[in-house]
Amino acid sequence: MTARAIIIGAPRSGSGKTSVTIGILRALTRRGLKVRGAKSGPDYIDPGFHTAATGLTGVNLDSWAMSPSLLNALAAQAADDTDFVILESAMGLFDGIPASPGRTGSAADLARLYGLPVLLVLDVSGQSTTAAAVAKGFAIYDPDVRMAGVVLNRLGSERHRRLSGDAIEAIGLPVVGAILRDPTLNLPERHLGLVQAGEYDDLMAHLDRLADMAEKSLDLDAIIALATPLAPAVGDITDALRPPGQRIALAEDAAFSFLYPHVAACWRKAGAEIVPFSPLADEAPDEDCDVCWLPGGYPELHAGKLAAATNFHVGMARFAEKKPIHGECGGFMVLGEALEDAGGETHRMLGLLGHSTSFARRKMNLGYREARLRADCPLGPQGALIRGHEFHYAQMMATGNDEPLADLADGQGNPLGASGYRRGHVSGTFFHAIARA
């Protein structure tokens, strides 16, 4: 039996999708059901909350970055031995990039591909019956994307609920949830999104508050009834990132946490072993490993501690003498000479590459990316085409004199120039890899 699934969508970011998704995931898990969270598009943080709420590892499903075969394989794995998959949309339901049909990166692509119904979360603060016009727009915008029900969020009163809810039901859409404004349900945020699940002292207490909200304010039985089977076509993981080595030393702590669940899962499925270490605890990579991987995260929040981690510095330099090291985004910043934090203080980094970065001079870089590698590195062989994304605020202060790692294009194939650097066994880039193109 495959899982039943539903997509949680909204008109925009900030509508309350994540709180509703986590509340449903946690509430159904407390009922004894096996529930898995999924996220459309590139997002590291929300799958961590999905995992914490359910005990089952979350997954990203990205219609632009993943080939159809890989997308189907990951969707099938998510549905295997699971009762329900709750798939949370990134941004607005239809938001993606101009691309070939079904490859825009939007959650709507997944709704069409798998025939999944959408539960529309509407922030109705500042409006009442106008919410019905918004809901009707969603209902008729694309006949292949079916709105199955609506959750009203941030209501001010029972009268507010009646005005907006009755208007929506009059156009034929069932209202299956009504949530009053409650600031205590908000999840704290920082510059790259929500504060990560692993940084909460009372994470489970907050997840249970969201589950209590879901039990009180949503018709969970009706939502379960709206879900339909998730039955993808046959796929395989051929296009997943290949393991960069047999034993992979993986930096893993509050400064280095942005590794997609499917990447680690596919590495393990291919027979690789992941050996975690914590730079913030002044640990060095295990010298018996074949490769070291520094994922993205928040090194700018921990720059002083990383600069003082002598054992980490010495161990990384020793590892780089003989074996490959790769850094993505935050990991790339730490591989450089220096990092300027938000307060303008400059901290010495590993110096394994010659660039320096600044978080004090912030500028957002965001978008899908396609990288063609100029040389062999842990991402793949020379000439390989890798799909992923960039999302960072740091800027380059100094570029150094290292060789470029890849030629970069945006999601529509427009050239963006050289990206990243390589020196000896060391490579890095702001680009986050998702899958092979």
Side-chain angles (χ1 to χ4, degrees), residues 39-47 60-68 70-71 74 90-91 95-100 102-107 109 191-193 239-242 244 256-263 266 293-297 326-336 353 355 357 362-396 399 402-422 427-437:
K39 181 77 178 185
S40 73
D43 186 305
Y44 290 100
I45 297 173
D46 288 352
N60 294 81
L61 298 174
D62 192 312
S63 64
W64 181 84
M66 297 172 178
S67 68
L70 177 58
L71 190 67
L74 294 176
M91 302 188 297
D95 292 335
I97 64 170
S100 58
R103 299 297 303 273
T104 72
S106 72
D109 285 348
H191 52 280
L192 295 182
D239 296 321
L241 294 177
R242 290 173 181 166
F256 303 94
S257 57
F258 291 171
L259 184 72
Y260 285 112
H262 76 273
V263 170
C266 290
W293 191 282
L294 300 184
H326 183 72
E328 287 191 328
C329 203
F332 172 59
M333 293 161 67
V334 173
L335 287 173
L353 293 173
H355 63 283
T357 53
R362 293 198 281 179
K363 180 182 179 183
M364 187 173 75
N365 292 270
L366 173 66
Y368 279 127
R369 301 289 184 260
E370 191 167 71
R372 187 171 296 279
L373 302 178
R374 290 192 179 188
D376 295 352
C377 74
L379 285 176
Q382 180 181 1
L385 200 59
I386 308 294
R387 283 192 163 186
H389 71 105
E390 276 189 80
F391 184 19
H392 61 91
Y393 286 87
Q395 291 199 74
M396 205 73 75
T399 58
D402 300 317
E403 292 294 318
L405 177 65
D407 294 304
L408 211 61
D410 67 14
Q412 296 175 266
N414 300 308
L416 298 175
S419 173
Y421 298 111
R422 55 190 172 89
S427 61
T429 174
F430 275 123
F431 165 82
H432 293 274
I434 294 176
R436 299 165 63 219

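From a predicted model like this one, the values you see are computed outputs, not experimental measurements.
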Problem set entry | Atom CZ of R374 with >12 non-hydrogen neighbours under 6.0 angstrom | yes
Seminar exercise, completed: For Y368 and P42, the nearest pair of non-hydrogen atoms, with its separation, is OH-CD, 3.6 Å
Problem set entry | Ring geometry between Y44 and Y260 (parallel below 30°, tilted from 30 to 60°, perpendicular above 60°) | parallel
Problem set entry | Spacing of OG1 belonging to T104 relative to CG belonging to D109, to within rounding of 0.5 Å | 3.5 Å
Problem set entry | Atom of H432, atom of C329 and distance for their closest heavy-atom approach | NE2-CB, 3.2 Å
Exercise. Which value, rounded to the nearest 0.5 Å, describes the distance between M333 atom CE and M396 atom CE?
Worked result: 9.5 Å
Seminar exercise, completed: Closest non-hydrogen contact found for V263 with I434 is CG2-O, 4.1 Å
Seminar exercise, completed: Heavy-atom nearest pair, R387 first then A65, reads CB-O, 3.7 Å
Problem set entry | side-chain contact (heavy atoms from CB on, under 4.5 Å) between D62 and L71, intermediate numbers included | CA-CA 7 Å; D62 192 312; L71 190 67; 5.5 Å; no
Exercise. So, do Y393 and L366 sit near enough that their side-chain heavy atoms are less than 4.5 Å apart?
Worked result: no
Seminar exercise, completed: So OG of S419 and CD of E390: to nearest 0.5 Å the spacing works out to 6.0 Å
For this session: Determine yes or no for a side-chain-to-main-chain donor-acceptor pair under 3.5 angstrom, with N60 supplying the side chain and G41 the backbone.
Result: yes
Exercise. Can any side-chain N or O of W64 pair as donor or acceptor with the backbone N or O of I97 at less than 3.5 Å?
Worked result: no
For this session: Kindly determine whether L405 and F431 satisfy side-chain contact (heavy atoms from CB on, under 4.5 Å), including the steps that lead there.
Result: CA-CA 11 Å; L405 177 65; F431 165 82; over 6 Å; no
Problem set entry | Verdict with reasoning, H355 to F332, per ring-ring contact (aromatic ring centres under 6.0 Å, His included) | CA-CA 9 Å; H355 63 283; F332 172 59; 4.0 Å; yes
For this session: Answer yes or no: is there a donor N or O on one side and an acceptor on the other, between the side chain of S40 and the main chain of A90, under 3.5 Å?
Result: yes
Exercise. If every non-hydrogen atom of G102 is compared with every non-hydrogen atom of S63, which pair is closest and at what distance?
Worked result: O-CB, 3.4 Å
For this session: List the atom of F258, the atom of G297, and the distance in Å for their closest heavy-atom pair.
Result: CD1-N, 3.5 Å
Exercise. Do the side chain of R372 and the main chain of Q382 share a donor and acceptor less than 3.5 angstrom apart?
Worked result: no
Problem set entry | Separation between CE of M66 and CZ of R436, rounded to the nearest 0.5 Å | 14.0 Å
Problem set entry | Side chains of F256 and V334 in contact at under 4.5 Å (non-hydrogen atoms) | yes
Seminar exercise, completed: Here the gap from F430 atom CZ to Q395 atom CD, rounded to the nearest 0.5 Å, amounts to 9.0 Å
Exercise. Roughly how far, to the nearest 0.5 Å, is the CD1 atom of I386 from the CZ atom of R369?
Worked result: 16.0 Å
Problem set entry | Expected output: side-chain R422 to main-chain P404 donor-acceptor under 3.5 Å | yes
Problem set entry | Any donor-acceptor pair under 3.5 Å from D239 side chain to L70 backbone | no
